[in-house]
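Data first, discussion second: the structure below is written as structure tokens.
All residue numbers refer to positions in the sequence shown, counting from 1.
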Amino acid sequence: MKTSKFISALFVSSLLGVTACTPRDVKVVDENTRLKINAQKGGARGSQKQSGEFSLGNFALASFLMERQIEALEFVKLATGTTEARKTQYVLEDQGVATDGSQQVKISSSKENLEYLSGDITWKVKAAKTLLASYALKNGLLDSVLVKGANIKATVDAVGKDRTYVNLVENYELTLKPTKDENVAMIEVKTDGTISGAKGGKNIPNKITVSLTMTVDKASLATQEVKILSVKADMTYPGPGAKIYNSGIQGGNLNLKMSGLCNVLDGKVTGSAGPKNKFDVKFEGEQISIGTNWTNKLAGCGQRPTVDLGRLQVY
């Protein structure tokens, strides 16, 4: 993209300026107890489903929310030309300058399928995403970013498995704006849509919303190591009896090494499932650890999706 070198130079100059399931044989009749057990094990969202059905596990959802940070930062860096699209799942198209002076960019998913290993299953990613992005400068420095997309889709299918898949369809909006501290930028993401899937059986749709807010070191956005100073993310989804359930993460001091299909997020936050259940969520190197007995490895470097939907099948 023509503006890549220009924006990268501006970021660098900014950087220089800154630095001059329930237990076996136990019947649980109390719903709150059942929810607690499932949350601890990262299991179903509190309902007793058949084993062939797809359900949302709290620990897996915590990892999902962690990776939504990576996705947001990837969109920002793609929009501003500070990362190479060829190393990601996306392609870029320069849309020129708008009447308000902002630079316009189209971000689209590539047509190539990505295969990766997650939870001892090989998954194949398919995506249909088109997002329109714009960014503006103030006094030669990045001031704002807007990324929007409607009905954007991502699907993962388990290779060699019958009816084992996860689909995500959502509306997406990201804003980056300045804060009182000129060295810090705030990124907000709002989404609404549907996650659906099957684990060898019946398709189960789930309407979801995601709200994510994080602050980042602005100068680090020009580098391949982004400093996330704080993050808070919440997700709502339906449960049994028409109840609405919540999962979330909150914390800070995370470091993200961005390298296309080999992104690595390091740091620990607090995860939550409903108002009472809390647990540690730790991304470290190639492994995720949640709670005291839930671990999952990241997909291999070079085939790693930004957001691993296949992990939602791991309870």
Side-chain angles (χ1 to χ4, degrees), residues 1-20 68-110 127-152 170-192 210-231 233 256 258 260 263 306:
M1 189 172 71
K2 294 180 179 179
T3 55
S4 299
K5 294 182 179 178
F6 174 68
I7 295 302
S8 297
L10 287 172
F11 270 117
V12 171
S13 65
S14 172
L15 178 58
L16 291 173
V18 171
T19 58
R68 296 307 293 259
Q69 298 176 87
I70 304 175
E71 179 184 59
L73 289 166
E74 188 170 66
F75 284 151
V76 168
K77 290 175 67 62
L78 285 167
T80 56
T82 57
T83 195
E84 296 182 69
R86 65 181 180 85
K87 293 183 178 181
T88 71
Q89 294 173 263
Y90 299 97
V91 294
L92 303 182
E93 183 180 332
D94 196 332
Q95 302 288 288
V97 182
T99 56
D100 62 0
S102 62
Q103 301 285 329
Q104 309 285 304
V105 183
K106 183 165 73 172
I107 304 172
S108 304
S109 53
S110 65
K129 298 184 180 183
T130 299
L131 302 104
L132 297 179
S134 62
Y135 65 90
L137 306 176
K138 184 177 181 179
N139 299 325
L141 301 176
L142 182 67
D143 186 59
S144 63
V145 178
L146 175 63
V147 181
K148 297 182 70 173
N151 199 37
I152 62 175
E170 62 185 351
N171 301 310
Y172 186 96
E173 181 170 336
L174 175 154
T175 58
L176 179 149
K177 52 191 176 184
T179 66
K180 292 181 179 179
D181 185 340
E182 64 181 9
N183 302 316
V184 176
M186 178 181 291
I187 298 173
E188 296 181 326
V189 175
K190 301 287 186 182
T191 81
D192 64 88
V210 174
S211 175
L212 183 153
T213 301
M214 59 181 169
T215 57
V216 298
D217 178 273
K218 187 183 289 187
S220 73
L221 287 171
T223 75
Q224 298 309 303
E225 296 190 21
V226 181
K227 297 178 181 179
I228 301 171
L229 306 177
S230 67
V231 62
L256 173 60
M258 303 194 72
N263 296 315
T306 304

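Between the side chains of T179 and D181, no donor N or O sits under 3.5 Å from an acceptor N or O.
The main-chain N or O of V76 is found under 3.5 Å from a side-chain atom of T80 such that the two form a donor-acceptor pair.
Shown here are the side chain to side chain donor-acceptor pair (under 3.5 Å) partners of E173, two or more places apart in sequence or in another chain: there are none. A128 pairs by the side-chain contact (heavy atoms from CB on, under 4.5 Å) definition with K153, not counting sequence neighbours. Annotation: salt bridge (Lys or Arg N to Asp or Glu O under 4.0 Å) contacts of K190 (sequence neighbours excluded): none. Applying the side-chain contact (heavy atoms from CB on, under 4.5 Å) rule to K177 yields the partners M186, E188; only residues at least two apart in sequence or on another chain are considered. For Q89, there are no side chain to side chain donor-acceptor pair (under 3.5 Å) partners two or more places apart in sequence or in a different chain. Residues satisfying the salt bridge (Lys or Arg N to Asp or Glu O under 4.0 Å) criterion with E71, sequence neighbours excluded, are R68, K129. Applying the side chain to side chain donor-acceptor pair (under 3.5 Å) criterion to N139, with sequence neighbours excluded, gives no partner residue. Shown here are the side chain to side chain donor-acceptor pair (under 3.5 Å) partners of S109, two or more places apart in sequence or in another chain: there are none. Shown here are the side-chain contact (heavy atoms from CB on, under 4.5 Å) partners of S108, two or more places apart in sequence or in another chain: V91, K106, T130.
Side chains of V226 and D217 form no contact here, defined as non-hydrogen atoms less than 4.5 Å apart.
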Return all side-chain donor-acceptor pairs below 3.5 angstrom for residues 142-152, not counting sequence neighbours, or 'none' if the list is empty.
none

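If you run side-chain contact (heavy atoms from CB on, under 4.5 Å) between V105 and each of L132, L131, L78, L92, only L92 comes through.
Within the structure, the ring pair (Phe, Tyr, Trp, His ring centres under 6.0 Å) test picks out the following pairs touching residues 85-109 (sequence neighbours left out): F75-Y90.
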